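Heads up: the structure comes next, in structure tokens.
In this text the structure is predicted, and so the values were computed from the model without any measurement.
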Amino acid sequence: MSQWRVQVGLASVFYDGIDRSSLFACMQMLGIKRRKQRDVLLQVQIIESEARVHRNKA
């Protein structure tokens with residue numbers, strides 16, 4: 001929830017997506033093996049695409 005990139009315009013805020021550097025840092029801290037990180041990233045991208053729709057509802 002706190003690692004989203006935010007685009008700020010004149011009258012609006014747009015949640016762009018999860019910060020990738022934070023995501024990879026978390027995967028390393030959690031001990032996710034490098035060969036599994038691609039799969040985790042792809043799963044997070046699926047979740048992120050749906051969450052973006054809900055976070056950006058006006």
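Here CZ of Arg35 is found 11.0 Å from CD of Gln37. Values are rounded to the nearest 0.5 Å.
One hydrophobic cluster, built from ILVMFWY side chains closer than 4.5 Å, cannot hold both Phe24 and Ile47; they sit in different ones. Under a hydrophobic-cluster definition in which Ile, Leu, Val, Met, Phe, Trp and Tyr are linked whenever side-chain heavy atoms come within less than 4.5 Å, directly or via other members, Leu42 and Ile32 are assigned to different clusters. Met27 and Leu30 fall within a single hydrophobic cluster, where Ile, Leu, Val, Met, Phe, Trp and Tyr are joined by side-chain heavy atoms under 4.5 Å apart, directly or via other members.
No donor-acceptor distance shorter than 3.5 angstrom exists from the side chain of Arg55 to the backbone of Val53, with no hydrogens or angles considered. Under the 3.5 Å distance criterion, the side-chain polar atoms of Gln3 are left unmatched by any main-chain donor or acceptor of Ser22. Counting only distance, with no hydrogens or angles, the side chain of Asn56 and the backbone of Tyr15 share a donor-acceptor pair below 3.5 Å.
When all heavy atoms are compared, the tightest approach of Asp16 to Arg52 is O-NE, 2.8 Å.
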